[in-house]
Structures are given as C-alpha cells and as structure tokens.
Student: 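Right, I'll just put the structure down here and ask away after.
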Amino acid sequence: MLLYIDPGTGSMLFTILISVIGVAAYSLKMLFIKFKFKLGGGKKGVADEKIPFVIFADDKRYFKVFEPVCREMNNRGKDILYLTMSEDDPAFNLELPHFKAEYLGSENKAFTRLNFLNASVLLSTTPGLDVYQWKRSKGVDCYVHIPHAASEITLYRMFGIDYYDTILLSGQYQADDIRNLEKLRELPQKELVKIGIPYMDEMAARFEKEGNAPAHEKTVLLAPSWGQSAIFSVYGSKILDVLLKTGYHVIVRPHPQSFTSEKDILEKLMKQYPESDQLEWNRDTDNFDVLRRSDILISDFSGVIFEFCLIYDKPVIYTDPKFDLSLYDAWWLDTPLWTTSALERLGCQLTEDNMGNLKELIDSCLNDPQYAEGRRQVKNETWENCGNGAVLAADYLIQKYEQLTAREEE
C-alpha cells in the first residue's frame with residue numbers, strides 16, 4: 001500500500017527540504033571561499049570581505065522608510081548594500097554612487113543568505129529576528145531595527161524585537177515599553193536611540209513645498225488596515241453605504257496586504273461599489289497625493305493615521321480595533337497602549353451605535369478646535385527630532401561602524 005501524505009504535510013516537508021538544500025549549498029560555497037582563502041596565502045578576496053552597511057527589506061513598501069537614510073549615507077560617501085525580497089522594489093530605481101540593490105529571492109533563499117551574511121551593521125524594519133526563519137548570522141556584528149510607523153513598538157508579534165542590538169525610536173514611550181519588556185524577560189538592555197521618523201520628515205518637507213491641494217469638494221478617505229479587527233471585516237459593506245449617503249466625495253484605499261489576504265472581500269466590495277463621480281478606489285504606490293486632497297480620514301489601527309494627522313494636520317475618525325493582545329508584546333505590559341490615548345486626542349471614535357450619524361461626526365471632527373491641540377500634543381510625544389531623522393540615523397550607523405572596526409583592530 002502506498003504511503004499517503006496530506007497536502008499540508010507535504011508542503012511543509014517540501015519547504016524543509018528546500019531550506020536544507022539551500023543551507024547546504026550556501027555552506028559548500030562558504031567552504032569553497034575559505035579553501036580559496038587558504039590557497040591564496042591568507043589574503044582576503046572581494047567575496048569574503050565584511051560589508052560595512054546592509055539594509056534588509058522584506059517588502060517593497062518599506063523602501064520609503066529607508067530611502068532618506070540611504071540618501072544621507074550616500075551624501076557622506078558611505079556604501080550601502082540594500083537586500084530586498086521584492087523583485088519590483090523601488091530601490092532598483094534609486095541611482096546613487098554609493099548605493100547598490102540586490103534581489104534576495106523567495107523566503108527560503110533570502111533567509112539562507114541572511115543567516116550567513118558577513119556585515120558590520122544591518123538595518124531593518126523586519127521583526128522576528130532569531131525567532132522565525134531569520135536567524136542572527138555570526139558574521140553580522142550589530143542588528144539595528146527601525147520602526148515603519150509612528151506608533152507602539154510593542155504591537156509586533158511576541159518577541160518581535162527581542163534579539164536586535166539597537167532600536168531606533170521616535171518617542172520616549174517606546175523606550176519605556178522596551179525597557180519594561182527587557183526587565184520582565186530578563187533580557188540584556190538594547191541600545192535605544194531616539195532619532196525621529198526619517199520618512200515622515202521627507203513627507204513633511206514635500207508637503208511644505210507643494211502646499212495644500214487645490215480647492216475641491218469635501219473628501220473623506222477610508223483607509224482600513226487588514227485582518228479580523230479591520231474595518232471591512234467588522235463592518236463590511238455597511239461603512240460604504242453610510243459614507244455614500246453623506247454626499248461627500250469618498251476615496252477608498254485598502255491596505256496593500258488586503259489584496260492578498262482578503263482578496264475575496266475586496267473583489268466583492270469593488271464589484272458592489274464600482275467607481276463613480278462620488279467614489280474612487282485608490283491603489284497608488286505613493287500615498288502623498290491622496291492624503292493631501294482628503295479632508296478627513298477614517299481608519300482603524302493603520303499607521304497612516306499618524307501620517308495624516310501629524311503631517312497634513314487633519315482630523316481622523318477611528319474604530320475600536322478590539323485587539324487580542326495575547327499575540328503581541330504589549331500583552332506583557334500592564335500599561336495601556338499609548339496609541340489608545342493618542343487616538344482620543346486626534347479625533348472621534350466610530351461605533352456601531354453612531355455610524356448612522358457619520359455625516360454629523362465628520363462635520364464635528366472637521367470643526368472642533370480640540371483636535372488641533374491634540375495633534376500638537378501627540379506630535380510632540382511620538383515625533384522627536386522632527387526634521388532630523390535621517391541625519392541622526394546616519395550619525396548612529398556610522399558611529400557604530402567606527403566603534404566596531406576600532407574594536408577589531410585592537
């Protein structure tokens with residue numbers, strides 16, 4: 001009788017096999033390099049030289065986080081190797097003399113390369129280092145994490161940043177949460193550096209240069225996140241029905257991940273609510289224009305809330321995300337989420353009970369002066385060193401590299 005293996009188990013075994021083959025191939029390559037090194041009398045070749053600065057991006061949408069830092073490093077004559085898991089990453093269009101982008105390949109191939117990387121300093125937004133497939137390489141001296149949004153550092157999946165050496169932050173509340181987690185888990189203290197938010201600095205400078213959008217009809221931007229707690233999963237088509245009844249122009253901009261993880265939901269909604277003079281669906285890679293021409297934002301727990309409120313100085317209507325914190329680092333802490341207190345100051349909460357009065361809620365948010373003061377407070381708390389993020393990030397990376405190389409030479 002033939003042995004039966006179900007599709008799920010077969011897929012898992014195939015993944016393991018590919019990983020083993022990848023590791024074996026890379027290990028053989030490293031042995032070959034070492035063999036060449038010995039034959040060459042101990043002289044290093046280009047292939048085995050330690051790379052000074054590496055950036056790892058697991059998705060193309062994080063290029064905006066890194067680009068200001070890359071430009072600043074380039075201006076200082078520092079070479080950056082940018083490793084990405086997206087074949088169509090915008091990084092490949094960045095033409096700078098001290099910048100090089102490489103496609104890492106799919107997950108198994110990418111993580112195999114990363115797990116044997118030889119570099120001094122590696123910068124990434126990706127959580128889960130040394131927790132999942134991505135392991136710390138013995139050849140990397142310092143792992144540096146930079147968040148991709150102005151919000152909680154503890155809303156990563158559990159242990160998301162535990163094994164980084166350094167975290168680049170934008171607010172003191174983030175530092176406090178990290179220190180509390182380190183105490184609870186008996187972890188060594190990481191280096192915490194408050195640099196600000198480089199990509200938001202860039203957006204703010206661009207907005208200051210281009211100014212407000214030309215005169216237009218009142219526009220509401222619906223920009224939900226994705227997952228079971230997100231707007232479309234909770235409210236479905238009801239939110240669009242109510243929005244269209246306001247008579248205002250409506251832009252719907254789903255999270256990019258929704259088109260993969262919630263494809264059926266979106267296809268149904270887009271068919272049920274096709275584009276018209278009042279409604280548009282937006283998938284622009286660059287969200288600058290859509291944020292600039294929207295008067296108010298409706299969202300849940302997406303990081304776009306802070307971009308919209310703090311850069312464009314406009315109010316937001318937010319939903320209760322109803323987080324199951326048991327999956328996240330925040331579960332370990334007794335302190336309330338900073339984001340909760342921030343949202344209360346940035347706008348109004350949308351609930352099942354007040355959704356029927358959404359038009360009145362929108363008008364109230366647009367005209368109430370308390371939210372302008374709230375935006376000022378929140379900005380001070382989560383966007384320190386405003387305008388200097390890339391400079392301070394480059395300062396740290398270069399300083400750390402110099403410390404590491406000086407230590408090796410001793």
Side-chain angles (χ1 to χ4, degrees), residues 203 207 210-226 229-256 258-259 262 265-284 286-322 343-375:
M203 292 180 72
F207 180 56
E210 299 192 21
N212 291 314
H216 57 278
E217 59 184 311
K218 192 171 291 184
T219 300
V220 181
L221 173 61
L222 177 64
S225 190
W226 64 281
S229 299
I231 286 177
F232 284 145
S233 294
V234 175
Y235 295 113
S237 62
K238 184 177 179 180
I239 183 73
L240 292 174
D241 284 333
V242 177
L243 269 175
L244 292 174
K245 287 177 182 176
T246 65
Y248 298 142
H249 187 72
V250 177
I251 304 173
V252 185
R253 182 181 169 84
H255 191 283
S258 293
F259 290 97
E262 302 172 325
I265 294 176
L266 283 186
E267 286 181 351
K268 182 179 178 180
L269 288 173
M270 293 176 77
K271 185 176 180 180
Q272 187 177 353
Y273 300 90
E275 289 209 349
S276 64
D277 291 340
Q278 186 187 6
L279 173 68
E280 61 177 288
W281 291 84
N282 182 275
R283 292 188 68 176
D284 293 346
D286 183 0
N287 65 2
F288 178 82
D289 180 65
V290 72
L291 295 181
R292 188 169 71 122
R293 61 191 177 95
S294 299
D295 298 295
I296 191 166
L297 168 70
I298 299 176
S299 190
D300 32 52
F301 46 90
S302 172
V304 74
I305 287 175
F306 296 101
E307 295 175 16
F308 188 78
C309 292
L310 306 186
I311 295 174
Y312 301 88
D313 198 24
K314 298 172 184 177
V316 66
I317 292 174
Y318 61 93
T319 62
D320 180 3
K322 294 183 175 65
L343 290 176
E344 293 170 353
R345 291 175 282 169
L346 296 176
C348 304
Q349 184 176 6
L350 179 67
T351 66
E352 192 75 49
D353 294 335
N354 66 15
M355 185 177 291
N357 300 319
L358 185 53
K359 185 178 187 301
E360 290 75 14
L361 202 62
I362 290 171
D363 294 340
S364 173
C365 278
L366 287 171
N367 298 314
D368 194 330
Q370 70 169 309
Y371 298 121
E373 171 60 20
R375 292 193 292 273

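Note that the numbering runs from 1 along the sequence shown for the chain.
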Student: Drop me the distance from Tyr235's OH to Met355's CE, to the nearest 0.5 angstrom.
Tutor: 4.5 Å

Student: Between the side chain of Asp300 and the main-chain N/O of Ser225, is any donor-acceptor distance below 3.5 Å?
Tutor: yes

Student: Between the side chain of Arg293 and the main-chain N/O of Ala213, is any donor-acceptor distance below 3.5 Å?
Tutor: no

Student: Going from CD1 on Ile265 to OG on Ser233, what distance comes out if it is rounded to the nearest 0.5 angstrom?
Tutor: 4.5 Å

Student: Once rounded to the nearest 0.5 Å, what's the spacing between atom CG of Leu361 and atom CD1 of Ile317?
Tutor: 4.0 Å

Student: Pair Tyr248, Asp295 - check side chain to side chain contact (heavy atoms under 4.5 Å, CB included), show working.
Tutor: CA-CA 10 Å; Tyr248 298 142; Asp295 298 295; over 6 Å; no

Student: Would you find a donor on one side and an acceptor on the other, under 3.5 Å apart, between the side chain of Asn354 and the backbone of Thr351?
Tutor: yes

Student: Working to the nearest 0.5 Å, report the span between CZ of Phe232 and OG of Ser237.
Tutor: 9.5 Å

Student: Would you confirm whether Arg292, through its side chain, and Gly211, through its main-chain N or O, come within 3.5 Å as a donor-acceptor pair?
Tutor: yes

Student: Measuring from atom CD of Glu307 to atom OG of Ser302, what distance do you get when rounded to the nearest 0.5 angstrom?
Tutor: 7.5 Å

Student: Near Asp284 CG, under 6.0 Å, is it more than 12 heavy atoms from other residues, nucleotides or ligands?
Tutor: yes

Student: Ignoring hydrogens and angles, tell me if any N or O in the side chain of His249 forms a donor-acceptor pair with the backbone of Lys218 under 3.5 Å.
Tutor: no

Student: What are the two closest heavy atoms between Gly236 and Leu269, and how far apart are they?
Tutor: C-CD2, 4.5 Å

Student: For a 4.5 angstrom cut-off between non-hydrogen side-chain atoms, does Met203 reach Asn287?
Tutor: yes

Student: Does any non-hydrogen side-chain atom of Tyr273 lie less than 4.5 Å from one of Leu243?
Tutor: no

Student: Between Phe308 and Pro315, what is the shortest heavy-atom contact and its length?
Tutor: CE2-O, 3.2 Å

Student: Classify the ring geometry between His255 and Trp226 as parallel (under 30°), tilted (30 to 60°) or perpendicular (over 60°).
Tutor: tilted

Student: Of all heavy-atom pairs between Cys365 and Ile296, which one has the smallest distance, and what is that distance?
Tutor: CB-CD1, 3.6 Å

Student: Does Asp363 come within less than 4.0 Å of Lys359, counting only side-chain N to carboxylate O?
Tutor: yes

Student: Do Ile239 and Val234 have side chains that approach each other closer than 4.5 Å (heavy atoms only, starting at C-beta)?
Tutor: no

Student: If you take all heavy atoms of Leu297 and Ala223, which pair is closest and at what distance?
Tutor: CD1-CB, 3.7 Å

Student: May I ask you to test the Leu346-Phe306 pair for a side-chain heavy-atom distance under 4.5 Å?
Tutor: yes

Student: Compare all side-chain heavy atoms of Gln349 with those of Leu343 and state whether any distance is below 4.5 angstrom.
Tutor: no

Student: Can you check whether Leu221 reaches Arg253 side chain to side chain, under 4.5 Å on heavy atoms?
Tutor: yes

Student: If we only count heavy atoms from C-beta on, is the Phe207 to Asn212 side-chain gap below 4.5 Å?
Tutor: yes

Student: What is the distance from atom CD of Glu344 to atom CD of Gln370, rounded to the nearest 0.5 Å?
Tutor: 11.0 Å

Student: Is any side-chain heavy atom of Tyr371 closer than 4.5 Å to a side-chain heavy atom of Lys314?
Tutor: no

Student: Taking all non-hydrogen atoms of both residues, which atom of Trp281 and which atom of Leu279 are closest, and how far apart?
Tutor: NE1-CD2, 3.9 Å

Student: If every non-hydrogen atom of Val290 is compared with every non-hydrogen atom of Ile251, which pair is closest and at what distance?
Tutor: CG2-CG2, 3.7 Å

Student: Going through the checks in order, is the side chain to side chain contact (heavy atoms under 4.5 Å, CB included) test met by Glu217 and Gln278?
Tutor: CA-CA 10 Å; Glu217 59 184 311; Gln278 186 187 6; over 6 Å; no

